[in-house]
Amino acid sequence: MKQDHDLADQDTREAVTSLAKRRGYLWPSFELYGGMRGFYDYGPMGTALKRNIQGLWLRLWVGEEGMIELDSALVNPRPVFEASGHLAEFEDFLVQCADCNANFRADQLLEGLHPNPDALSEEELAGQLEEHGVTCPECGGPISSPTSFNLMFGTRAGPGEGREAYLRPETAQGIFVNFSHLYRLGRERLPFGVAQLGRGFRNEISPRQGIIRLREFNMAEVEAFFHPQKRQWAGDLRKYADTQLTLVPNEGDEIRVTLGEALEKGIMCNEALAYFVGVTTRFLIGVGVDPERLRYRQHLQTEMAHYASDCWDGEAKLSYGWTELVGIADRGDFDLRRHHEHSGQDLRVFVPFPEPVEMEVERLTPVHKELGPRFRGDAKAVAEALMEADASAVGADGMATIPIPEADGKTRLVQVPPECFKLETVVEKRTGEKVLPHVVEPSFGIDRILWTVLEHSFTQRKGEEGEAMTVLKLPPVVAPVTVGVFPLVSKDGLDAIAEEVDGKLRGVGLRTLYDASGSIGRRYARADEAGVPFCITVDHETKEDESVTVRWRDTQDQERLPISHIVTSVKQLAGLD
RNA sequence: GCGGCCAUGGUCCAGGGGUUAGGACAGGAGCUUCCCAAGCUUCUAGCCCGGGUUCGAUUCCCGGUGGCCGCACCA
């Protein structure tokens, strides 16, 4: 995506970057040792902000939508990613021009010269490049032999050579490999959803743009499982029908519609996906993303991940340009099917029919005494496959052609002669069917969302001298500090009263900022920059009527409230009760 | 990975082959006791790392690391 950078964007970015570092939101990791690209640490404020963002996420998906939560392993053995497709999809080969130093993907240079260059190995690529005499498309210079890189961090588990393993590039696979447990705990019903917060790792070639592209990042993923013919979430779609959206469909121009209209007009065809766009919008706006700088863009067919059939990205306008925060993808049964095949475990679920149905079916019944001598070790597998098959497997010559599973997850076709089975017509009562559930996945980049919240909350107002004063307008639910507590002056016992008020608020778990230093205006300004939504000031009047001043960050308005109800008042004002 | 520009306290900047490396803001202590960054005193804190040139390098050169921009990559 091409991005426009004007001066104002760069100014914003620099101001927010500086504030984030100064105020303890984000620090480049390992600065002591010169830093490392793609890694950031969250300081005290950043940690709290991140936790609050995650808290609202959990409140919506696990709380309101009733999904179950998982926390799965970060280090995964190789077979997980053989099944998921990441091992193949994440491996690419680069070549470099010896003259102009330009880089190209080896497979892209073979486009049109080979039917399927993406599937070639390193040696095959080298051979093909040489055979076709491929040169640099930029300058025609000679190109290097291909060098591989894999976007996954590899490691080994156990002593010595151990077992080949990788740091997960997404949390999703943890949900798929635990599917059987989760389905049982989800009370064996569709639809049901699983939510997971956690870290992911990608060995990006060139991480840049602060925390927009990290090598170690925080994600929040939901896998919602559906009956293949019924992509409809349990929640009531009417709840989000009026949600205003800016949409960029893969055909046509950007439009502004309600979610209900988008469904009616067929701009979004997938009801479950649409519902999740609704929940996602509420989440993003709730944590402080500006609705005017949020849009959903549908992926082009060519842009889609290897597993997806439809995908809408939630994007925010940042100083970096439009940036993906969320991907909501219809993954079909891709993942479960792959794990079903690679693991050899049956991951299908039983879905009862509304009414049991009786039907005549033609069954193949194995004749074991014929199968045994003929197929020997494979006899058991052949017998099982015969029972799974139906009459359509039997050809005109009476031979049955059936697939039997191999150890590597593939299948092999076997010809079975007529004497090995009986073809019978039986009346079967079927109460349901086994299906592989389909998946819709909303996947959130927490770090990017946090950055967006900082940029979109960042405002400046003119001070009395005309100087720019920063106000970080974080929504109270995510603000790291909920309330500031100040004595107007540190004498006449005002400080003692303020400390007491502060203690009361902290005692119920609220995060406060007690500050008695400098002028009151200075303390308000400090709190504004730290994003504290409101401050309480104990003044001389407090000693007479036990009331305090509450001052709002966004409006600078003030109001007097009694100390006796201060805890409930603050919770109410912050929307935390 | 490639090319261009860059690297000085927490932040933003100045400087310069031998300096007590300077300022502003921020922070600590004290005074002031003031409802929107007032003032005063005082303190803390810095030349990214490695090598080279040199009597001497934070300054010049090379390499590394990190940052920004462009190319490539970003499922």
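Naming convention: chains lettered A, B, ... in sequence-line order (proteins, then strands); numbering from 1 in each chain. Side chains are part of it too, since the values below use all heavy atoms of this structure and drop only hydrogens, waters and symmetry mates.
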Pairing pattern in dot-bracket form [Watson-Crick, G-U; both distances under 3.5 Å; | = partner strand] for RNA chain B
(((((((..((((....[...)))).(((((.......)))))....(((((..]....))))))))))))....
From C-beta outward on A:Arg526, which listed nucleotide comes closest to its side chain: B:C68, B:G27, B:A37?
B:G27
Pairing donors with acceptors under 3.5 angstrom, does anything connect the side chains of A:Asn270 and A:Asp310?
no
Which of B:C35, B:G10, B:G66 is nearest the side chain of A:Tyr524? It is B:C35
Between P of B:C74 and CZ of A:Arg202, the distance in whole Å:
12 Å
Given B:U33, is OP1 or OP2 found less than 4.0 Å from the side-chain N or O atoms of A:Ser490?
no
Crowded around A:Glu500 CD? As in, over 12 foreign heavy atoms under 6.0 Å?
no
Minimum-distance nucleotide (side-chain atoms of A:Ser206 versus B:C36, B:G1, B:U33)
B:G1
Quick check on B:G70: is either OP1 or OP2 less than 4.0 Å from any side-chain nitrogen or oxygen of A:Arg208?
no
Do any side-chain nitrogens or oxygens of A:Arg523 fall under 4.0 Å of OP1 or OP2 in B:C36?
no
Please report, rounded to the nearest Å, how far the P atom of B:A37 is from the CD atom of A:Glu529.
14 Å
For nucleotides B:U59 and B:G50, find the distance between their P atoms and express it as a whole number of Å.
12 Å
First locate atom CD of A:Glu541, then atom CG of A:Leu494, and finally report the distance between them rounded to the nearest 0.5 Å.
11.5 Å
Quickly work out the A:Met469 CE to B:A38 C1' distance and round it to whole Å.
13 Å
Take atom CG of A:Leu26 and atom P of B:G67, then tell me their distance rounded to the nearest Å.
14 Å
Which residue, A:Gly38 or A:Thr549, contacts RNA chain B at a nucleotide closer to its 5' end, judged by nearest heavy atom?
A:Thr549
Counting only heavy atoms not in A:His540, do more than 12 fall under 6.0 Å of its NE2?
yes
Winner on side-chain proximity to A:His540, out of B:C35, B:C68, B:C34, is B:C34
Walking RNA chain B from its 5' end, the first of A:Arg215 and A:Arg22 to be reached, judged by nearest nucleotide, is A:Arg22
Does the side chain of A:Thr12 come under 3.5 Å of the side chain of A:Asp9 through a donor N or O and an acceptor N or O?
no
Between C1' of B:C74 and CG of A:Leu214, the distance in whole Å:
13 Å
Closest to the side chain of A:Gln556, out of B:C36, B:C68, B:C35, is B:C36
Are any of the side-chain heavy atoms of A:Glu455 and A:Arg293 separated by less than 4.5 Å?
no
Separation of atom OH in A:Tyr25 from atom P in B:U11, rounded to whole Å:
17 Å
What donor-acceptor contacts under 3.5 angstrom involve side-chain atoms of residues 520-528 of chain A, with partners at least two apart or in another chain?
{"from": "A:Arg523", "atom 1": "NE", "to": "A:Ser517", "atom 2": "O", "distance (Å)": "3.3"}
{"from": "A:Arg523", "atom 1": "NE", "to": "A:Gly518", "atom 2": "O", "distance (Å)": "3.2"}
{"from": "A:Arg523", "atom 1": "NE", "to": "A:Ser519", "atom 2": "O", "distance (Å)": "3.4"}
{"from": "A:Arg523", "atom 1": "NH1", "to": "A:Pro487", "atom 2": "O", "distance (Å)": "2.7"}
{"from": "A:Arg523", "atom 1": "NH1", "to": "A:Asp515", "atom 2": "O", "distance (Å)": "3.1"}
{"from": "A:Arg523", "atom 1": "NH2", "to": "A:Pro487", "atom 2": "O", "distance (Å)": "3.4"}
{"from": "A:Arg523", "atom 1": "NH2", "to": "A:Leu488", "atom 2": "O", "distance (Å)": "3.2"}
{"from": "A:Arg523", "atom 1": "NH2", "to": "A:Gly518", "atom 2": "O", "distance (Å)": "3.1"}
{"from": "A:Tyr524", "atom 1": "OH", "to": "A:Thr537", "atom 2": "OG1", "distance (Å)": "2.8"}
{"from": "A:Arg526", "atom 1": "NE", "to": "A:Asp515", "atom 2": "OD2", "distance (Å)": "3.0"}
{"from": "A:Arg526", "atom 1": "NH2", "to": "A:Asp515", "atom 2": "OD2", "distance (Å)": "3.1"}
{"from": "A:Arg526", "atom 1": "NH2", "to": "A:Ser517", "atom 2": "O", "distance (Å)": "3.1"}
{"from": "A:Arg526", "atom 1": "NH2", "to": "A:Ser517", "atom 2": "OG", "distance (Å)": "3.1"}
{"from": "A:Asp528", "atom 1": "OD1", "to": "A:Arg551", "atom 2": "NH1", "distance (Å)": "2.7"}
{"from": "A:Asp528", "atom 1": "OD2", "to": "A:Arg461", "atom 2": "NH2", "distance (Å)": "2.7"}
{"from": "A:Asp528", "atom 1": "OD2", "to": "A:Arg551", "atom 2": "NH2", "distance (Å)": "3.1"}

Name the nucleic acid region contacted by A:Asp492, choosing base, sugar-phosphate or nothing; use a 4.0 angstrom heavy-atom cut-off, strictly under.
nothing
When you compare B:G56 with B:C69, how far apart are their P atoms, in angstrom units rounded to a whole number?
40 Å
Out of B:A37, B:C74, B:C69, which nucleotide sits closest to the side chain of A:Glu204?
B:C74
Answer yes or no: does atom CD of A:Gln558 have more than 12 heavy-atom neighbours from other residues, nucleotides or ligands under 6.0 Å?
yes
Determine the Euclidean distance between corresponding C1' atoms of B:C12 and B:A45; express it in Å to zero decimal places.
15 Å
Could you give the NZ-to-C1' distance, from A:Lys491 to B:G30, as a whole number of Å?
16 Å
Tell me whether the centres of the aromatic rings in A:Tyr25 and A:Trp451 are closer together than 6.0 Å.
no
For atom P, what is the distance between B:C35 and B:C49, given to the nearest Å?
48 Å
Applying a 4.0 Å non-hydrogen cut-off, can you work out what A:Gln558 is touching in the nucleic acid: base, sugar-phosphate, or nothing?
base
Using atom P in both nucleotides, what's the gap between B:C68 and B:G15 to the nearest angstrom?
24 Å
Regarding the side chain of A:Ser18, the nearest nucleotide among B:G66, B:C35, B:C12 is B:C12
What contact category does A:Leu488 fall into here, base, sugar-phosphate, or nothing, at under 4.0 angstrom with non-hydrogen atoms?
base
Expressed in whole Å, how much space separates the C1' atoms belonging to B:C55 and B:G17?
12 Å
Give me the distance, rounded to whole Å, that separates B:G23 from B:C40 when you measure between the P atoms they each carry.
15 Å
Regarding B:C49, can its base be found pairing with the side chain of A:Tyr33 as donor and acceptor, where the two atoms are less than 3.5 Å apart?
no
Across the strands shown, which category fits A:Gly210 at heavy-atom distances under 4.0 angstrom: base, sugar-phosphate, nothing?
sugar-phosphate
Give a yes/no answer on whether the side chain of A:Arg23 brings an N or O atom under 4.0 Å of OP1 or OP2 in B:C25.
no
What's the closest nucleotide to the side chain of A:Asp539 if the choices are B:C35, B:G10, B:A38?
B:C35
Would you measure the distance from the C1' atom in B:A7 across to the matching atom in B:A14 and give it in whole Å?
15 Å
Nucleotide of B:C74, B:C34, B:A38 approaching A:Arg213 most closely (side-chain heavy atoms):
B:C74
Whole-Å distance between B:C73 P and A:Gln209 CD?
15 Å
Say whether A:Gln196 and A:Ser72, considering side chains only, have a donor N or O and an acceptor N or O under 3.5 Å apart.
yes
